[in-house]
Amino acid sequence: IAHERNDIIVLDGDLSADCKIREFEAQFPDRFIENGIAEQDMVSMAGGLAAHGLLPIVNSFASFLAARPNEQIYNNATEKSKIIYVAGLCGLLPAGPGHSHQSVRDIGLMGNIPNIDVFHPGSLNDLKYIFDYALNISQKSTYIRLTSIPFEKMQYMEKNDNLFYGEGYVVEEGNDIVIFSYNPYMLNESIKVAQILNKKNISAKIINFPWLNAINIDWFYHMTENIDHIFTIEDHFIFTGQGSFINSKISDKHIYNFGLNDIPVSGSNEEVLDYHNLNAKFLAEKILQKLQK
């Protein structure tokens, strides 16, 4: 893409190795700008580049990119600048670096800004779609959250279907309840939840919903037709996450949100999912309790 699009400028916040953009830096040094640990300056610079007709792609960890320069990102959005923000280390995991690096509030920080689409790919095909959308289709800015830990390859990742704006796709079929989730490891936990519930004769439809601040209402009702109990599972604060966004748009279904309610702890990935009650066993138990009420 970079060979075909000479308007692309990549900006980095001293994380080029972690963000896997060293290859671009080596091949296109005159289109790579290292800003150091100065995200506010980096985003302001991106706004200036966009105003001159270039397409900046800004890279950093989500905790730093969504929060520190949020004012500058908002100002860019008010100018209707087109910028692609790529955020690594999104969500609760990896848990080892601690809560300063666990980005569990960035959906709200970015999703509340006009003229920005917020997206978290659940697979490589999702990422290819959204990057093509951000580059070639959208007139707005795009904030792309990335999972930065190894994850299991799951069958749904082989899907090569196009995504549509505000829509996701079915990962596991079911007809009793619907679970919406995103990002590979939360989708993996959701699939495990479905397997546990299946033993209780409850059939759960799992939907990968990568759009975090946009929803096609007609698609939602098609996906949940004849199903009244909806659950959302995410490793983000419930308030301002995808679950609360869906709640703000849908009022005639029973929707239950699972996610974080307090500051994330550090530890091994499994320990932290367990601590925050985001493992499959606990989630299945909570869903059963909700269904029995």
Side-chain angles (χ1 to χ4, degrees), residues 39-40 43 46-47 50 56-92 101-122 126-127 129-131 133-134 137-148 163-168 180-184 186-187 207-217 219-220 230-251 255-261 264:
E39 285 82 4
Q40 292 172 317
V43 169
I57 302 178
V58 179
N59 296 266
S60 189
F61 287 167
S63 290
F64 313 147
L65 183 57
R68 290 176 187 167
N70 195 262
E71 177 188 357
Q72 287 76 17
I73 293 171
Y74 176 79
N75 289 339
N76 288 343
T78 63
E79 297 296 326
K80 296 184 169 55
S81 300
K82 178 175 175 176
I83 299 169
I84 300 174
Y85 302 97
V86 182
L89 225 66
C90 285
L92 184 63
H101 286 58
Q102 290 163 293
S103 186
V104 294
R105 62 192 185 102
D106 59 308
I107 296 174
L109 289 169
M110 298 298 291
N112 197 40
I113 297 176
N115 302 314
I116 293 184
D117 289 314
V118 180
F119 187 95
H120 195 132
D126 289 357
L127 178 57
Y129 169 84
I130 193 56
F131 206 69
Y133 167 82
I137 300 172
S138 178
Q139 298 302 309
K140 299 189 290 184
S141 291
T142 310
Y143 178 72
I144 305 174
R145 304 177 91 234
L146 296 178
T147 297
S148 299
L163 286 170
F164 297 95
Y165 192 85
E167 301 181 13
F180 287 87
S181 192
Y182 59 87
N183 103 33
M186 281 288 91
L187 284 163
I207 295 178
N208 173 25
F209 189 28
W211 300 94
L212 304 182
N213 70 334
I215 186 169
N216 181 325
I217 300 297
W219 168 82
F220 174 88
I230 315 298
F231 299 87
T232 68
I233 296 175
E234 59 188 320
D235 62 340
H236 185 278
F237 284 133
I238 293 175
F239 181 61
T240 76
Q242 185 187 71
S244 62
F245 173 75
I246 294 175
N247 284 349
S248 74
K249 302 297 181 182
I250 308 296
S251 60
I255 303 178
Y256 307 95
N257 306 131
F258 297 115
L260 273 74
N261 288 302

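Here, residue 1 is the first one in the sequence, and each next residue gets the next number.
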side-chain contact (heavy atoms from CB on, under 4.5 Å) evaluation trace for I130 with L127:
CA-CA 5 Å; I130 193 56; L127 178 57; 4.1 Å; yes

So do [Y] and [X] actually touch side chain to side chain, heavy atoms under 4.5 Å?
X: Y256; Y: I230; result: no
X: L212; Y: R145; result: yes
X: F131; Y: P121; result: no
X: N76; Y: N115; result: no
X: V86; Y: L65; result: no
X: I238; Y: N261; result: yes
X: N70; Y: M110; result: yes
X: I255; Y: I246; result: yes

Would you check if the distance from the ring center of F164 to the ring center of W211 is below 6.0 Å?
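Between F164 and W211, the centre distance exceeds or equals 6.0 Å.
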
Run the ring-centre check on F180 versus F245 and record whether the distance is less than 6.0 Å.
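Aromatic pair excluded; centres sit 6.0 Å or further apart.
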
If only atom types and distance count, is the side chain of [X] paired as donor or acceptor with the main-chain N or O of [Y] below 3.5 Å?
X: Y129; Y: L163; answer: yes
X: K140; Y: I83; answer: no
X: Q102; Y: L92; answer: yes
X: H101; Y: L89; answer: no
X: N59; Y: I57; answer: yes
X: S81; Y: A77; answer: no
X: K249; Y: I217; answer: no
X: S181; Y: I233; answer: yes

How long is the span from the [atom1] atom in [X] to the [atom2] atom in [Y], to the nearest 0.5 Å?
X: C90; Y: F61; atom1: SG; atom2: CZ; answer: 10.0 Å
X: Y133; Y: I84; atom1: OH; atom2: CD1; answer: 11.0 Å
X: N183; Y: N208; atom1: CG; atom2: CG; answer: 9.0 Å
X: F220; Y: I207; atom1: CZ; atom2: CD1; answer: 8.0 Å
X: F209; Y: I215; atom1: CZ; atom2: CD1; answer: 4.0 Å
X: E39; Y: I73; atom1: CD; atom2: CD1; answer: 9.5 Å

Would you say the side-chain atoms of [X] and [Y] include a donor-acceptor pair closer than 3.5 Å?
X: Y165; Y: D117; value: yes
X: E234; Y: Y182; value: yes
X: N112; Y: N213; value: no

For R68, is the CZ atom crowded, meaning more than 12 foreign heavy atoms sit under 6.0 Å from it?
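Count over threshold, so yes.
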
Closest heavy-atom contact between [X] and [Y]?
X: H236; Y: I107; result: NE2-N, 3.1 Å
X: G91; Y: D235; result: CA-OD2, 3.4 Å
X: N257; Y: G243; result: ND2-CA, 3.4 Å

Which residues share a side chain to side chain contact (heavy atoms under 4.5 Å, CB included) with S103, sequence neighbours left out
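If we apply the side chain to side chain contact (heavy atoms under 4.5 Å, CB included) test to S103, skipping adjacent residues, the hits are A62, S63, D106.
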
Report the C-alpha distance between Y143 and Y85 in whole Å, list the side-chain angles of each, state the deciding distance to 0.1 Å, and finish with yes or no for ring pair (Phe, Tyr, Trp, His ring centres under 6.0 Å).
CA-CA 5 Å; Y143 178 72; Y85 302 97; 7.1 Å; no

Residues which pass side chain to side chain donor-acceptor pair (under 3.5 Å) with T147, listed by chain and number, not counting sequence neighbours:
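Once residues adjacent in sequence are excluded, the partners of T147 under the side chain to side chain donor-acceptor pair (under 3.5 Å) criterion are H120.
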
